[in-house]
Amino acid sequence: MSNSGTSLTIGVLSEQNSREHRVALDPSATKHLVHSGFAVLVEAGCGSEASFTDASYLAAGATLATAAEIIDTCDVLASLALPSTDVTDGLAAGRTVIGLLDPLNNLSRVTALANQGVTLVALELLPRTLSRAQSMDALSSQSSAAGYRAAIVAAAKFGRYLPMMITASGTATPAKVIVIGTGVAGLQAIATTKRLGAVVTGYDVREVSRTEVESLGAKFLTSSVAAGAGEGGYARPMTAAEQAIQQQELADALVNFDIIITTAKVPGRTPPLLVSADTLTELKHGTVCIDLGASDKGGNVFGSIDGETSTTANGVIVVGGGNLAADLPASSSLMYGRNITAVIEALVPAGTIAIDPADEIHKAIVVSHAGDVTNAAVRTALNLEPLGSTEPLKAQAN
Ligand code: NAD
């Protein structure tokens, strides 16, 4: 990287959500940035839940600071989620916040921060299929961690072995696992449950994922109303009628499985309900459902509550796992720190932040800049006129 001579300061605060155990920059990402000439200010204790000590940040070249000092002085705030107004109210115009900021669900905050002159960089909006974007792809890195973790949690909650076990004391049959939604998280859940010895099936509405599932040694199932590939490799939303057919088909299939891991999402939509209340009542006692789609807007499994585990009257264990990457905090933070570093490198080609509206990545991830909401999808959601494609974004002086 060629940022020598940069005078930019990157700040890292402890995440505010009590269920968030990750940190935006780990010591190795810190070392990389310091080596490239950035100053890195970290809040004391920010990495402790991910087992990164203050001493390890100091050894990486960071400076420990209070939250107030970081808010006051950092040029770029690296974050997992959009920080609360307690933090962002203190950011002067020209400051940048990078993270999984969920702008489409935080529209009023986006407007306020744009008016405040804060640059928001939302990693969810990255065009993920560009090869030069892959090192920045936080959705993939965190989904991969979540898929792995889902398999481990499922194995821990399940009352039987996952692999076939032939012992002098008897033989255990292997567990039957189905992973619904075979994107990044689902494929990792398949790979991990396979390694644990289960018999695994992958299910998706995108027929194109069949080869990926089969290459992991799992069987592939799909829906009769599939044809689900939409834009950018994502699934398209299903109609209510299609969803009803799919739920019924799944109900018939799911009774045969011991572990159900759901990861089905459609960008910008509420996750589809795939395991209905009726289906739950049909499942065997001891079946484990891990719902990676769980969110405050609902999930893939009826009644799942993000962050909570419950057991139905018929003995089905339901884990609301909407943020399981946070439960693997050291590995997730390490990968996330690499993603953040790559984004900073892309935005700071030569010492200062230089946002190029003609660059596909900048155009997608920069949500607000120099007083304007700049991202097209966010502008549409806010009912704002599209920005002219030739209209230059004001340069940010640092
Ligand atoms: P996602 O989190 O948006 O969704 C997870 C999975 O749920 C997807 O496979 C989707 O098809 C599936 N799904 C949605 N509705 C469903 C339904 N009703 N029933 C069953 N399954 C349903 O997906 P993701 O992990 O972000 O991946 C999305 C796509 O992006 C994939 O095609 C993936 O291969 C692709 N991708 C490509 C790259 C790259 O090219 N570098 C990187 C990451 C992801």
Side-chain angles (χ1 to χ4, degrees), residues 11-20 22 24 43 67-68 70-72 74-127 138-139 142 234 237 265-271 293-299 305-307 320 322-323 325-326 336 339-340 343 347 353 355 357 361-389 391 393-394 396:
V12 184
L13 297 172
S14 298
E15 291 293 316
Q16 294 165 302
N17 182 337
S18 59
R19 287 181 40 228
E20 183 54 79
R22 295 169 291 180
E43 183 179 359
I70 292 169
I71 295 165
D72 208 33
C74 72
D75 299 293
V76 177
L77 187 60
S79 181
L80 259 307
L82 179 63
S84 72
T85 50
D86 296 350
V87 170
T88 57
D89 283 354
L91 295 175
R95 302 291 169 78
T96 297
V97 182
I98 303 177
L100 289 164
L101 308 181
D102 198 8
L104 291 166
N105 286 314
N106 285 308
L107 290 171
S108 58
R109 297 281 317 279
V110 167
T111 306
L113 284 160
N115 290 337
Q116 202 175 314
V118 171
T119 298
L120 295 176
V121 178
L123 301 181
E124 302 84 342
L125 301 179
L126 189 77
L139 281 186
Q142 303 309 296
Y234 291 105
K265 288 182 190 154
V266 178
R269 303 282 179 134
T270 304
S295 72
D296 54 2
K297 298 189 179 69
I305 297 173
D306 191 15
N323 195 20
Y336 191 79
N339 302 141
I340 289 275
V343 171
L347 296 177
I353 293 185
I355 291 169
I361 291 178
H362 292 205
K363 198 166 70 174
I365 63 177
V366 178
V367 172
S368 67
H369 184 62
D372 260 334
V373 174
T374 50
N375 175 275
V378 179
R379 284 189 76 84
T380 304
L382 283 165
N383 292 322
L384 295 172
E385 293 291 314
L387 279 180
S389 56
E391 189 176 326
L393 295 174
K394 285 172 236 167
Q396 180 171 324

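Because the structure is a prediction, the values reported are computed rather than measured. FYI, the numbering just counts along the sequence from 1. Every heavy atom of this structure was used, including side-chain atoms; hydrogens, water molecules and symmetry mates were not.
- The shortest side-chain heavy-atom distance between V76 and R95 does not fall under the 4.5 Å cut-off.
- Taking the side chain as every heavy atom from C-beta outward, V121 and V343 approach each other to under 4.5 Å.
- In this structure, Y336 contributes its side chain and R22 its backbone to no donor-acceptor pair below 3.5 Å.
- Checking side-chain atoms of R379 against main-chain N and O of V373 turns up a donor-acceptor pair under 3.5 Å.
- Side-chain contact between T374 and L387 is present, with at least one heavy-atom pair separated by less than 4.5 Å.
- For the side chain to side chain contact (heavy atoms under 4.5 Å, CB included) test with I365, the passing option among L126, L120, I98 is L126; the others fail.
- With rounding to the nearest 0.5 angstrom, the CG atom of L100 is 8.5 Å from the OG atom of S79.
- Contact record, S368 with A114: CB-CB, 3.7 Å, taken as the closest heavy-atom pair.
- In this structure, the side chains of P103 and L125 come closer than 4.5 Å at one or more pairs of heavy atoms.
- Pairing each heavy atom of A364 with each of P127, the nearest pair is CB-CD, 3.7 Å.
- Using modelled atom types, one side-chain atom of E15 and one backbone atom of L80 make a donor-acceptor pair closer than 3.5 Å.
- The closest donor-acceptor contact from the side chain of Q16 to the backbone of P83 lies at 3.5 Å or more, if one exists at all.
- No donor-acceptor distance shorter than 3.5 angstrom exists from the side chain of E124 to the backbone of L139, with no hydrogens or angles considered.
- N106 is linked by a side-chain hydrogen bond (donor to acceptor under 3.5 Å, both in side chains) to nothing, counting only residues two or more places apart in sequence or in another chain.
- We find the OG-CD1 distance between S295 and I305 to be 11.5 Å, quoted to the nearest 0.5 Å.
- Annotation: side chain of Q142 is not in contact with side chain of N323 (no heavy-atom distance under 4.5 Å).
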Subject >> Audit row: E43, V12, side-chain contact (heavy atoms from CB on, under 4.5 Å) steps and yes/no >> reply: CA-CA 6 Å; E43 183 179 359; V12 184; over 6 Å; no
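- Listed here is the closest heavy atom pair of L123 and A138: CD1-CB, 3.8 Å.
- For the residue pair A381 and L104, the shortest heavy atom distance occurs at CB-CD2, 3.8 Å.
- Rounding to the nearest 0.5 angstrom, the gap separating the OG atom in S84 from the CG atom in N17 is 11.0 Å.
- Of the inter-residue distances, the one linking I361 atom CD1 with L347 atom CG reads 9.0 Å to the nearest 0.5 angstrom.
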Original post:
Does the side-chain contact (heavy atoms from CB on, under 4.5 Å) test come out yes or no for L107 and V378, once each step is laid out?
Top reply: CA-CA 8 Å; L107 290 171; V378 179; 3.9 Å; yes
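- A donor-acceptor contact under 3.5 angstrom links the side chains of H369 and T119, judged on distance only.
- Counting all heavy atoms, side chain and backbone alike, H362 lies closest to I355 at ND1-CA, 3.6 Å.
- Judged purely by atom type and a 3.5 angstrom limit, D306 uses its side chain to pair as donor or acceptor with the backbone of G322.
- In terms of heavy atoms, A326 sits closest to E20 at CB-OE2, 3.4 Å.
- For D102, the side-chain hydrogen bond (donor to acceptor under 3.5 Å, both in side chains) partners at least two apart in sequence or on another chain are N105.
- Among L113, L77, V118, the single residue meeting the side chain to side chain contact (heavy atoms under 4.5 Å, CB included) criterion with T88 is L113.
- Taking CD of Q116 as the start and OG1 of T111 as the end, the distance is 12.0 Å to the nearest 0.5 Å.
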